[in-house]
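Reminder, nothing fancy here: chain letters follow the sequence lines and each chain counts from 1.
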Number of protein chains: 2
Amino acid sequence: MKTPKDIPEACANCGIRNRGVCAHLYAEELSKLDSLSRRRRYRPGETIVMEGSRGVVGNVIDGTLVERKTMADGREQIVSLLFSADFLGTPLSNQADATVDAVSDVMLCTFDRDQFEAAAADLPGLSAAVHEQARAELALAREWMLLLGQKRAIERIATFLLRLVNRRLNVTCLHNFDDLMDDAQTLMIPISRRQIADFLGLTTETVSRKFGELRDLGVIDIADARHITVHSLPRLRAAAGFVDELA
Amino acid sequence: MKTPKDIPEACANCGIRNRGVCAHLYAEELSKLDSLSRRRRYRPGETIVMEGSRGVVGNVIDGTLVERKTMADGREQIVSLLFSADFLGTPLSNQADATVDAVSDVMLCTFDRDQFEAAAADLPGLSAAVHEQARAELALAREWMLLLGQKRAIERIATFLLRLVNRRLNVTCLHNFDDLMDDAQTLMIPISRRQIADFLGLTTETVSRKFGELRDLGVIDIADARHITVHSLPRLRAAAGFVDELA
DNA sequence: CGTTGAGTTGAGACATTTCAACGAGCGTGG
DNA sequence: CCACGCTCGTTGAAATGTCTCAACTCAACG
């Protein structure tokens, strides 16, 4: 987290200038990168990158995106959710391994791929930050492999909610996890039931039913399809399979 | 692929000196790295890294390893297979996201973590190679998310076999994929039925049954549990769900 | 006000798991 | 040498969790 004076105006006013890869750059580095950047807006449902194409490189300034892989017969698996401050795209690789869609209105801060790679070669902090993102993505992907390969439907739903909780805690960043163990959390679900199903390897019907079961168990409240209140994080963690139920 | 003269003796005799991260290093870089390296042998079943620990950094010279994640109640998911020339461990991260076990006799070329990271900071080719490995791992993990979330049991088995075929083609590296589409391939299965099950999110019984089904379909022959002959790659690809069956 | 899409709920179907038995290989010790 | 115990892999029959198919509600919208 650098706090210089002469940062570019676009960056000074940017909601994520102290988050994501930009947080690791000095003023002059930020200027250099800013001169290469171009903002672009996308509409909900718009496809930003096609699997197999060269794809876009840039920061997510605002909005929600999904990365998904598709089978020949149309089955889909969402492999990643992207939010504000996440980095989109794989510099170094010339082939996107998933299709990227905007779920909400999305604002990106994009770069020309070659220019970005040249800049990254000059700015150790930038390339380190990008690679750190890739490493974090890998850890998340493996966490999800455990979910998809081993967890039952209700555990998958609980794990998904837990991930949203953790994300919110990381963003607000004011407390640590244990302090909030007993606080009620009201969550905005950023994606549809269909997208949740494709993310968790389930069907929309099962997603709906398991949300209901978690409600009946008293773990959550469902205000509407997009708004969930978590009553007890420990019980949500138990439902997610993170603690052995010695029942 | 550099071909210098004054490479360290250990590297000159190393089976993977022209593969993995070492392939991208000049003689003097190789020397520098070699001076930091230490060979270590592991026995089948031995645990090399525990999930959550700092872990080992190094090259796999020879042998087969699995990376796995475990749930509180003992359920396991294998998230990666490592073979000769693969890179083990996550420099930059101080927490291994999975447990690593030797499946066969394993020889590693390990490095002190801090020294390796310092070396990587000096050698752009090295850090690029390590990051490229991480990127490739991410692509594989996402491929597996699609498998675990969407594919049925027989497709998972077929995909697994296809991955072994592809690996063999990459290693032998003499032909391209299409040239071998119709060739019979005899594969050595490097892991047990239980490990296959944990890799594919199935049970050993289902793995056994689906191998039998692929045999009955005439796609493969089963010499014994560890040796499979692939009769038709196109049909294996179809069984794996990579082509839409317009039946 | 009819249409459309998203979400929920129910009943039955189905794929995979679970439970159980069995055979082959293999080292150990009598 | 054979009996024994053990693990690994295979096979069968029953149980079960999730999917499929279908109906219905609700809100948004032209």
- Item | DNA chain C contacts made by residues 69-82 of chain B, counting heavy atoms under 4.0 Å | none
- Message: Which residues in residues 147-155 of chain A have a heavy atom closer than 4.0 Å to any atom of DNA chain C?
- Response: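 Those residues whose heavy atoms fall under 4.0 Å from DNA chain C, taken from residues 147-155 of chain A, amount to none.
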N/O-N/O pairs, protein side and nucleotides 21-30 of chain D side, under 3.5 Å:
{"from": "dC21(D)", "atom 1": "N4", "to": "Glu205(A)", "atom 2": "OE2", "distance (Å)": "2.9"}

Nearest-neighbour nucleotide for the [X] side chain, [options] considered:
{"X": "Lys210(B)", "options": "dT18(D), dT16(C), dT20(D)", "value": "dT16(C)"}
{"X": "Ser208(A)", "options": "dT9(C), dT20(D), dG9(D)", "value": "dT9(C)"}
{"X": "Leu202(B)", "options": "dT17(C), dT9(C), dC19(D)", "value": "dT17(C)"}

Is a salt bridge present between [X] and [Y], judged by a nitrogen-to-oxygen distance below 4.0 Å?
{"X": "Arg193(A)", "Y": "Glu205(A)", "value": "no"}
{"X": "Glu76(B)", "Y": "Lys69(B)", "value": "no"}
{"X": "Asp105(B)", "Y": "Arg43(B)", "value": "yes"}

- Within 45° of the six-membered ring axis of Trp144(B) and under 6.0 Å from that ring's centre, is NZ or CZ of Arg142(A) located there?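 No cation-pi geometry.
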- Message: To check you understand the geometry: which heavy-atom pair defines the closest contact between Met188(A) and Leu164(A), and what is its length?
- Response: O-CD1, 4.4 Å
I need the [atom1]-[atom2] distance between [X] and [N], as an integer number of Å.
{"X": "Asp224(B)", "N": "dC26(C)", "atom1": "CG", "atom2": "P", "answer": "11 Å"}
{"X": "Phe211(B)", "N": "dT11(D)", "atom1": "CZ", "atom2": "P", "answer": "13 Å"}
{"X": "Ile222(A)", "N": "dA6(C)", "atom1": "CD1", "atom2": "C1'", "answer": "15 Å"}
{"X": "Ile157(A)", "N": "dT18(D)", "atom1": "CD1", "atom2": "P", "answer": "10 Å"}
{"X": "Arg226(A)", "N": "dG7(C)", "atom1": "CZ", "atom2": "P", "answer": "6 Å"}
{"X": "Arg194(B)", "N": "dT17(C)", "atom1": "CZ", "atom2": "C1'", "answer": "12 Å"}
{"X": "Asp216(B)", "N": "dT10(D)", "atom1": "CG", "atom2": "C1'", "answer": "13 Å"}

- State the CD1-CG distance between Ile220(A) and Leu187(A), to the nearest 0.5 angstrom.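 Result: 9.5 Å between the selected atoms.
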Below the 4.0 Å mark, does [N] have OP1 or OP2 next to a side-chain nitrogen or oxygen of [X]?
{"X": "Thr203(A)", "N": "dC19(D)", "value": "yes"}
{"X": "Ser192(B)", "N": "dC8(D)", "value": "no"}
{"X": "Thr206(A)", "N": "dC19(D)", "value": "yes"}
{"X": "Arg193(B)", "N": "dT10(D)", "value": "yes"}

- Message: Please tell me whether Asp101(B) and Thr47(B) have a donor and an acceptor in their side chains that are separated by less than 3.5 angstrom.
- Response: yes
- Give a yes-or-no answer on whether the side chains of Glu137(A) and Ser80(A) include a donor-acceptor pair shorter than 3.5 Å.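 Yes, a side-chain donor-acceptor pair sits under 3.5 Å.
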Please answer whether the main-chain N or O of [Y] pairs with a side-chain N or O of [X] as donor and acceptor at a distance below 3.5 Å.
{"X": "Gln77(B)", "Y": "Arg68(B)", "answer": "no"}
{"X": "Arg215(A)", "Y": "Ile222(A)", "answer": "no"}
{"X": "Ser93(A)", "Y": "Thr90(A)", "answer": "no"}
{"X": "Asp73(B)", "Y": "Arg75(B)", "answer": "yes"}

